[in-house]
Structure formats: structure tokens, C-alpha cells
Amino acid sequence: MDANAHTLALQQAADFTMLLDGDGIISRVYVASDELQSSIDASWEGKLWLDTATPASRQRLENLLAEAAAQPGDAAQGDAVHPLPDGSELPIQYRAICQRDIDETLIFGHDLRPLATLRQQLLNAQQALEQDYWRLRQVETRYRRLFDMVDDAVLVVDDASGRVLEANPAADKLLGGGKSLVGRPLQQGLDARSVHSVEKLLEETRSLGNGSLAGVFAKDSGQRLSLSASFLRQDGESRFLLRVAGPDDAESGVTPGEHYMQETLRMAPDAVLLTDIDGRVVAANKAFLDLAQLSAEEQVKGHSADRWLGRSGVDLSVLLTNLREHDVVRLFATTLRGESGTRTDVEISARSLSDLQEPMIAFFIRDIGRRIGIDHPMGQQLPRSIEQVTQRVGRVPLKELVRESKDVIEALCIEAALKLTHDNRASAAELLGLSRQSLYAKLRRHGSDGVDNPTGDKH
């Protein structure tokens, strides 16, 4: 093999290749990856290989050379980290081969930064899934506690088998004589004369989505009951959610549908706040109390909602003004301040209830702090547009917003240049009037995916 063919083979064998003499000094460097041109070059030649690595990696390189020397002709493998002039680190996977006939060691290096980036993205995704998992567990725990604490009898019935899947203690007492209803057919808790009527109610609910029935009798006590039913379909399974109202509910003058609506709002996973037209709290559900870090509804009643809602008192004023003009406000982005000082990003939809005897306003508040979108950042990144910068007004000081705006414009210009040059970084750098090293540095600072792709340039 002639010298040129030998050099070409070395250049193509890995991201970069080195030859070490018997003293471990780098005699030749061949760099195949354009991404490494600015990090590894001929300046390494003449240096002791161990001196190019971090102190923690030197022992690993010594062990690698010793293993290669012990088995000439066989490849020994190991990892090391090299410091770069810009303060960052370059992780490399090495293979070393000690040549039998000459006192030289052939070193093949592979850039591990793309793998490290993938691992970081996987870790971020796992952390997001972990957060969602625990959030669902917390929601389920709250649901279970509320399900068991409510005085109303509530059951979940399987559509296919007609058996009770879940029943709270009030339902067990009303229909089961104190015994658990779970696993038993719903009809076992009803008087024989009520079974056919309940079956018709479930058929109607399956078609219309909901229904109600009065004049149902419990089997053991003979009490006259009324049922409200709702049909739920999820993950290919069908369920009935039933609320059973006893005699006391029937005499209260409130219909089963109204009771069901009240329970739905109280048990809703999103926060619900009811205020008068001036924004003073009349009622709040459990989800709002959790967000506001309060333990009892009495702690919010009578207080102005801007004590918890909004970046300042201006937000509530804007909401109330729009509600007076339009009756409805949707997806108003703001923050909710907890009693201990924590802030939660929320979206508010509100409705003016002007047809009541005493006009009120209903606020529906959703926590969006952990929402994952298509462009969900894997780390601390800049906003992706000027619109996102303006949405941060009131949350971030003006000085920081101005700096972010400058960085956003710079990032957008670089992105446009890369699109115009079909991701050819050399051409993009010329188009922007930058050196390639400056362009790489800016891409890295803005967190561009292409920075970690060693084959990103197109020629």
C-alpha cells in the first residue's frame, strides 16, 4: 500500500486517527470529521497523548496503552474526555492497536457528543414521563379521597358485564346494606320491580350520553331512590357513572342532574373559582385550593381573586373588563400565586353568569406549567419567537427581555441562513459574514440540533 492510500485508509477508519511513537507522543493526526476540525488538528502533533486529556482520564489512557502493548495486533478499547479551548469537554471513545513490527501505536477515535446528546434527550423525556406519572398518581389519590368522602352514593358500572367496578361507602350503605358492591351485578342492590326500569335507563344513556330516572327502590331497605347516569368510553372500554339520590335529596328540590353537575365541578381536576362581579370569591373547588396551597374553602371566601390570580392586580382588572363587554374570555395566560410564594403558569377561561339572581363569574383555571408541546425544550433554551418573548412581560425584567429579543433575532437569522443554504454551514457562515468557528459557537449557544451532528455540513 502506498503512502497516499495508507493515509486515506486512516482518515476513513474513524472520526479521527492518530499515530503514537513508543513514548506515547502523537506523531501524526488524521481528522475525518469536519465537526472536529476546530477541536483536533495538527497542533496535537508532538504532544504527549496523556497531556491532552483531563486529569481524571489520564489513568484510563495509560491503562488503554498498557492493554494494547500486552496484546499486539488486537484492539483495546476505552473512553476519555479532552478539554477544549472554549471551556467545553470532548468525550471520545478510543481503540488502540499496538503494531508488532514497528514501535508505534495506532489510535482510532470516535466523537461521543452525538450519543451524549441523545442520552440527554432520553433522560429529559424520562423525567417528563416521571413527572406526568406522579401527577396522575396525585390526581388519582385526590379522586379516591373525594370519591370516598362524598355523601352522595356514586358507582362505576361496567357496560359489558353489568357489574359494579367501583362504589363509594355511601353507595355500599344505600344499596348493599353496608356490604361492598364491587364485583356484584348492579341489579342485586335493587328491588325486582326496578330492574327493568334501570336497564332501560342504561340503554338510553348509552345512546344519548346521559339520563335520569326516579322511582327506583333499594332491595334491602325499600327506600325510594332516583338515579342519574352518564356514559363514558375510554381506551376501548365502556363505563356507566351512576349517582344514586336518596329520599333526603329528593326532598331538597334539587334535581339529580343539578347534583351531578355540582359534584362534577367539585371533583374536577382543573381549578374552578366562583366570584361576584367585582372579583370577590364566593366558592372554590379542591383543585383551586391545592394550587393556592390552602386547606379550606373558608380561607378564600370573601377575598379578592387577585390575591392569587395574575402577575399583578392588572390581570384581574383586564379579565373583569372583558367579561363585562363579551361575557366570555378564553385561554387567558397568567400565573397563580400560592400562599407560600410559589408561582404556577395557568390558563384561565371565564364566563359571566348574568342570568342568575345575583350575577357571578365562573373562572376555569388550568395548570400549564408542565405542558409538553411539539417544541418543548429539553433544557434551558431561549423563546422561539418574538411572540413568546412578549408573553413573558410581567414575569421577567425588561432588561432580560431585551437581551432575549436580541438573541431570538440572531437565532432566527441563523436559522434562515441555514434554510437558504440547505443546511450548508460553510455557505451559511459566508452569508452571515461570520467565520465557521463563530457560526458553530452561536449554534451551540442557541442549542441548535445541528451542532451535535458531525456530518451536518453539506458540500
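Every heavy atom of this structure was used, including side-chain atoms; hydrogens, water molecules and symmetry mates were not. These numbers come from a predicted model, not from an experiment.
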Trainee: For the residue pair L112 and I92, what are the closest heavy atoms and their distance?
Mentor: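 Heavy atoms of L112 and I92 come nearest at CD1-C, 3.8 Å.
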Trainee: If you look only at pairs with a residue in residues 61-78, which of them pass as a side-chain hydrogen bond (donor to acceptor under 3.5 Å, both in side chains), with sequence neighbours excluded?
Mentor: Q59-N63
Trainee: W44 vs H82 aromatic rings, parallel, tilted or perpendicular, using cut-offs 30° and 60°?
Mentor: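 W44 vs H82 ring planes: tilted.
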Trainee: Pairs in or reaching into residues 154-172: which pass salt bridge (charged side-chain N to carboxylate O under 4.0 Å, His left out), with residues at least two apart or in two chains?
Mentor: R144-E166, D158-R239, D159-R206
Trainee: Answer yes or no: is there a donor N or O on one side and an acceptor on the other, between the side chain of D23 and the main chain of I25, under 3.5 Å?
Mentor: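 No; judged by distance alone, with no hydrogens or angles, the pair does not exist.
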Trainee: Does some side-chain heavy atom of Q299 sit less than 4.5 Å from a side-chain heavy atom of E339?
Mentor: no
Trainee: Please name the residue in the list Q126, Q121, Q120 that meets the side-chain hydrogen bond (donor to acceptor under 3.5 Å, both in side chains) test with N124.
Mentor: Q120
Trainee: Answer whether the closest heavy-atom distance between the side chains of V281 and R307 falls below 4.5 Å.
Mentor: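 V281 does not reach R307 side chain to side chain.
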Trainee: Is any side-chain heavy atom of L309 less than 4.5 Å from a side-chain heavy atom of D315?
Mentor: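 Answer no - side chains too far apart.
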Trainee: For residues 270-279, which residue pairs qualify under side-chain hydrogen bond (donor to acceptor under 3.5 Å, both in side chains), counting only residues two or more places apart or in two chains?
Mentor: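 Sorted pair list: D270-R366.
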Trainee: So that I can tick it off, tell me whether E410 and R445 are bridged by a salt bridge, with the cut-off set at under 4.0 angstrom between side-chain N and carboxylate O.
Mentor: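 Between E410 and R445 there is a salt bridge, with a charged N closer than 4.0 Å to a carboxylate O.
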Trainee: Determine the minimum heavy-atom distance between A305 and L273, stating which atoms define it.
Mentor: CB-CD2, 4.0 Å
Trainee: May I ask you to test the R425-L443 pair for a side-chain heavy-atom distance under 4.5 Å?
Mentor: yes
Trainee: At their closest point, which heavy atom of F16 faces which heavy atom of V31, and how far apart are they?
Mentor: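 What the structure gives for the nearest pair is CB-CA, 3.9 Å.
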Trainee: Let me check something: any side-chain donor-acceptor pairs from residues 319-332 under 3.5 Å, sequence neighbours excluded? List them with distances.
Mentor:
| residue | atom | partner | partner atom | Å |
| --- | --- | --- | --- | --- |
| T321 | OG1 | S317 | O | 2.8 |
| N322 | ND2 | V318 | O | 2.8 |

Trainee: Side-chain donor-acceptor pair under 3.5 Å between E89 and T54, yes or no?
Mentor: no
Trainee: Testing the basics here: between A229 and T205, what is the closest heavy-atom pair and its distance to 0.1 Å?
Mentor: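 Distance-wise, the nearest heavy atoms are CB-OG1, 3.6 Å.
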Trainee: Please identify each residue that fulfils ring pair (Phe, Tyr, Trp, His ring centres under 6.0 Å) with F240, with sequence neighbours left out.
Mentor: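 Expected list: F231.
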Trainee: Out of L165, L242, L181, which one pairs with V157 under the side chain to side chain contact (heavy atoms under 4.5 Å, CB included) rule?
Mentor: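 When L165, L242, L181 are each tested with V157, the side chain to side chain contact (heavy atoms under 4.5 Å, CB included) holds only for L242.
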Trainee: Determine whether a donor-acceptor pair (N or O, by modelled atom type, separation under 3.5 Å) exists between the side chain of T421 and the backbone of A417.
Mentor: yes
Trainee: Of all heavy-atom pairs between D152 and N168, which one has the smallest distance, and what is that distance?
Mentor: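 Heavy atoms of D152 and N168 come nearest at O-ND2, 2.7 Å.
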Trainee: Identify, with sequence neighbours excluded, every residue that meets side chain to side chain contact (heavy atoms under 4.5 Å, CB included) alongside A69.
Mentor: none
Trainee: Using a distance-only test with no angle check, is there a side-chain donor-acceptor pair under 3.5 angstrom linking W134 and Q138?
Mentor: no
Trainee: Indicate whether any N or O donor in one side chain lies under 3.5 Å from an N or O acceptor in the other, for Y440 and R444.
Mentor: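 Absent: no donor and acceptor within the cut-off.
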